[in-house]
Structures are given as structure tokens and as C-alpha cells.
K.L.:
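To start, I am sharing the structure in question, which I have written as C-alpha cells.
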Amino acid sequence: MSDYDLAATLASGQAFRWTQKGDSWHGVIGRRAVRLTPVTDGIRAETAAPVTDWGWLKEYLQTDVILQQILETFPDDEPMRMATRACRGLRLLRQDPWECLASFILSSTKQIVQIRQIVASVCECYGEPIPGFEGETAFAFPTPERLAAESEPGLRACKMGFRAPYLLATARIVASGKIQLNGLKSVPLETARAELMSLPGVGRKIADCVLLFAYGFPTAFPVDVWILRALRQLYFPRRRPRPSRLMRFSETYFGPNAGYAQQYLFHYMRTVNSRGGAGAARLNPA
DNA sequence: GCCCAGGTGAAGC
DNA sequence: GCTTCACATGGG
């Protein structure tokens, strides 16, 4: 598992509950506090409470995915070559749908560091206490039922601002059973996307994040400000295409694992290429 | 102070 | 069909 970059994977804006402590990454998966440490030929995993089965962790980390097979499906162009070179070992996680959905409702027009703060605050306020490391208490992500029982002013106290009514309303719909998140695993992409977008505070971008990071639909392609910038700078440097044009481009250009390609472009833009694209290679695919 | 942040929904043309 | 705007809050 030497082709697994824990730092890139856990801190690249897919999940918001991981913090680095020394060489290790601390987080919570479901109801378990987890500590992950990169070692020579793999990842050392520890849980605060003893476990016998590790299937849930392999599923979350997607360790069985053969990365090389994914990368081979990317477009053979200069931007993707640079992105894959810059993001070796970056993977997509497979997260819990509710936690992913709720977290991304809280993500709109927030920086990743701030999303982490808000999510941490929500977990401490409403999440169930679970055993953590060194005798500390950790917190599970709050259930939709628990949040559904809250009030809007209560949620606003967690610094989520105008996102509070969206999270509350969506929690109530999910808690009521009107939309069954687990049922979306086995329906077509377009159906799942439409169901998610029917929820308050969930538009195309957030729906695609959940489709990609929780359900694993490989062609879901979240387009945020970073991806718009990436597509403009790397693929249309001389023109000024509208977002709708770039959306259409992204739906066909990046192939069967477009979602993976998206995460590579996103991480690439935010790290190597974050200062406005100076020195970025350009290639017009048309 | 200013601008921006893994957007969405509603109102105005 | 668009384009524009309000929405809270914090970081650089």
C-alpha cells in the first residue's frame, strides 16, 4: 500500500473529521475513534475500542482499489499528467451518506479549515460520546433524528450561519424516512442525484460530492470554484467559457472515472498550482 | 476595511 | 432561459 497518500486523501476536502497529530491521523469513522499511521509498506490502524473485524475500515479507505487502473482511464493530456504526478497516492474515500451529505450542506462558501471547525462543533454539540484515545472522549457524527429534534437558533450557535435552516430541514426529511439515503446506492446516478437535489440546501455541486464521496458513483463530478478555475486555466486559457459550458465539457471529457480525475485536479490546484496558474501547462483538447 | 471561501435559492430581467 | 443577489462567519 505504498501508493496510498494518507495526508492527501484525508485532508483534501472529502472528509472533515481528520486531524494530524505527529505522524498519525486521528478521526472518527461511524462510532469508532481511529488512528492511522503511514508505515513503510502500508497503513497502521488502531481503534480506541477493540475490534475484531476490519472490513469497515477497508471499505472507508478503499484500500482494495487498484489506483493504477483508475489513472489509466484519465485523459492523456498535459494537465492530467501534471495532476497525477503532483497527487501520487491520492484516493477517494467511501463515506457514510448522511455524514457526507450533512457535512457538505455545511460547506457552502466556507474554506476547508472552517468546514472542519463547524463539523467538529456540530459533533461535540449533538454527537454521541464514544471512547477516544488516551481516555479522552470522542464524538460520533450526530444522527439525522438528533438534529431533526433541534431548533434553528440552536444550530446557528454552532457557527453554521445561514446553513442552519438547510441542515435542519434536510435532517427532518431524512429522519422522517421520506428519503431513504441507503436506498440511493442501488439506483441510477441521475435518479440518486435528483433525490439528493430535492433536499433543501442541496444543489448540483453538493449532490455530486455525496454521489462521489459516499456512494462511489465514478462519474459524479463536483464543480466548485476551484474546479471552474482549473478547467478555465488548464483547458480553455484563451477563451472565457461560461460555467454551463465547462459543466458540459466535464461530463464527457474525463472518462469513466471522471470523479477521480476531478479530485486530482482539485488537489493539484490547491497545492502545486495555487498561485494563479503561473507556469501551468496548457493544452486545448479541441 | 477588503475579498474570498468545495453554493443555494429566490427574485429580477 | 439566463444573471444578480442575500445569506453568516472567519481567514488572509
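Protein chains get the first letters and strands the later ones, always in sequence-line order, with residue 1 at the start of each. All values below come from the heavy atoms of this structure, side chains included, with hydrogens, waters and symmetry mates left out.
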K.L.:
Would you mind reading off the distance between Leu168(A) atom CG and dT8(B) atom P, rounded to a whole angstrom?
P.N.:
19 Å
K.L.:
Roughly, in whole Å, what's the span from CZ in Phe221(A) to P in dG6(B)?
P.N.:
17 Å
K.L.:
Quick one: Gln117(A) CD to dT9(C) P, roughly how many Å, whole number?
P.N.:
13 Å
K.L.:
Once salt bridge (Lys or Arg N to Asp or Glu O under 4.0 Å) is applied, what residue pairs with a partner in residues 247-259 of chain A remain, sequence neighbours excluded?
P.N.:
Arg204(A)-Glu251(A)
K.L.:
Once the angle between the rings of Phe254(A) and Phe221(A) is folded into 0 to 90°, is it parallel (under 30°), tilted (30 to 60°) or perpendicular (over 60°)?
P.N.:
parallel
K.L.:
Among the clusters formed by ILVMFWY side chains lying less than 4.5 Å apart, do Leu6(A) and Phe133(A) turn up in the same one?
P.N.:
no
K.L.:
Between the base of dG6(B) and the side chain of Gln263(A), is there any donor-acceptor pair under 3.5 Å?
P.N.:
yes
K.L.:
Given dG6(B), dT8(B), dA8(C), identify the nucleotide with an atom nearest to the side chain of Ile206(A).
P.N.:
dT8(B)
K.L.:
Taking 5.5 Å and 30° as the limits, would you call Phe266(A) and the base of dG6(B) a stacked pair?
P.N.:
yes
K.L.:
Rounded to the Å, how far apart are Gln111(A) CD and dA8(C) P?
P.N.:
19 Å
K.L.:
In whole angstroms, how far is the C1' atom of dA8(C) from the CG atom of Leu155(A)?
P.N.:
14 Å
K.L.:
Using a 4.0 Å heavy-atom cut-off across all strands, classify Gly13(A) as base, sugar-phosphate, or nothing.
P.N.:
base
K.L.:
Can you check the distance between dC4(B) and dT4(C), where both ends of the measurement are the P atom (answer in whole Å)?
P.N.:
15 Å
K.L.:
Between dG10(C), dA8(C), dG6(B), which nucleotide gets closest to the side-chain atoms of Gln114(A)?
P.N.:
dG10(C)
K.L.:
Side-chain N or O of Arg156(A) versus OP1/OP2 of dA8(C): is the shortest distance under 4.0 Å?
P.N.:
yes
K.L.:
Look at the side-chain heavy atoms of Ile, Leu, Val, Met, Phe, Trp and Tyr, link any pair under 4.5 Å apart, and say whether Val39(A) and Ile43(A) land in one connected group.
P.N.:
no
K.L.:
Without decimals, in angstroms, what is the distance between Arg270(A) CZ and dG12(C) P?
P.N.:
12 Å
K.L.:
Round to a whole Å and report the spacing from CE of Met160(A) to C1' of dT8(B).
P.N.:
16 Å
K.L.:
Please give the distance between the P atoms of dT8(B) and dG11(C) as a whole number of Å.
P.N.:
23 Å
K.L.:
Mind checking Lys159(A) for me? I need base, sugar-phosphate or nothing, with any heavy atom below 4.0 Å counting as a touch.
P.N.:
sugar-phosphate
K.L.:
Taking any heavy-atom pair under 4.0 Å as a contact, classify Phe16(A): base, sugar-phosphate, or nothing.
P.N.:
nothing
K.L.:
So Ile105(A), base contact, sugar-phosphate only, or nothing? Heavy-atom distance under 4.0 Å.
P.N.:
nothing
K.L.:
With a 4.0 Å cut-off on heavy atoms, is Arg242(A) in touch with a base, just the backbone sugar-phosphate, or nothing at all?
P.N.:
sugar-phosphate
K.L.:
Mind checking whether Tyr268(A) and Tyr264(A) have ring centres under 6.0 Å apart?
P.N.:
no
K.L.:
In the structure I gave you, are the side-chain heavy atoms of Leu90(A) and Gln263(A) within less than 4.5 Å of one another anywhere?
P.N.:
yes
K.L.:
Have a look at Val223(A) and say if it touches a base, only the backbone sugar-phosphate, or nothing, with a 4.0 Å heavy-atom cut-off.
P.N.:
nothing
K.L.:
Report the residue (Val202(A) or Asp224(A)) whose heavy-atom-nearest nucleotide on DNA chain B is the more 5′ of the two.
P.N.:
Asp224(A)
K.L.:
Taking the minimum atom-to-atom distance to the side chain of Gln262(A), which one of dA8(C), dT3(C), dG6(B) wins?
P.N.:
dG6(B)
K.L.:
Is any side-chain N or O of Lys110(A) under 3.5 Å from a base N or O of dT9(C), one able to act as donor and the other as acceptor?
P.N.:
yes
K.L.:
Using a strict cut-off of less than 4.0 Å between a Lys/Arg side-chain nitrogen and an Asp/Glu carboxylate oxygen, indicate whether Glu195(A) and Arg193(A) qualify as a salt bridge.
P.N.:
no
K.L.:
I want to verify a distance call: between dA8(C), dG6(B), dG9(B), whose nearest atom is closest to the Trp226(A) side chain?
P.N.:
dG6(B)
K.L.:
Using atom C1' of each nucleotide, how far apart are dA8(C) and dC3(B) to the nearest Å?
P.N.:
15 Å
K.L.:
NA contact type, Ser12(A), heavy-atom cut-off 4.0 Å: base, sugar-phosphate, or nothing?
P.N.:
base
K.L.:
Just call it for Leu199(A): base, sugar-phosphate, or nothing, with non-hydrogen atoms closer than 4.0 Å on any strand.
P.N.:
sugar-phosphate
K.L.:
To the nearest Å, give me how far apart CG (Leu167(A)) and C1' (dC7(C)) are.
P.N.:
16 Å
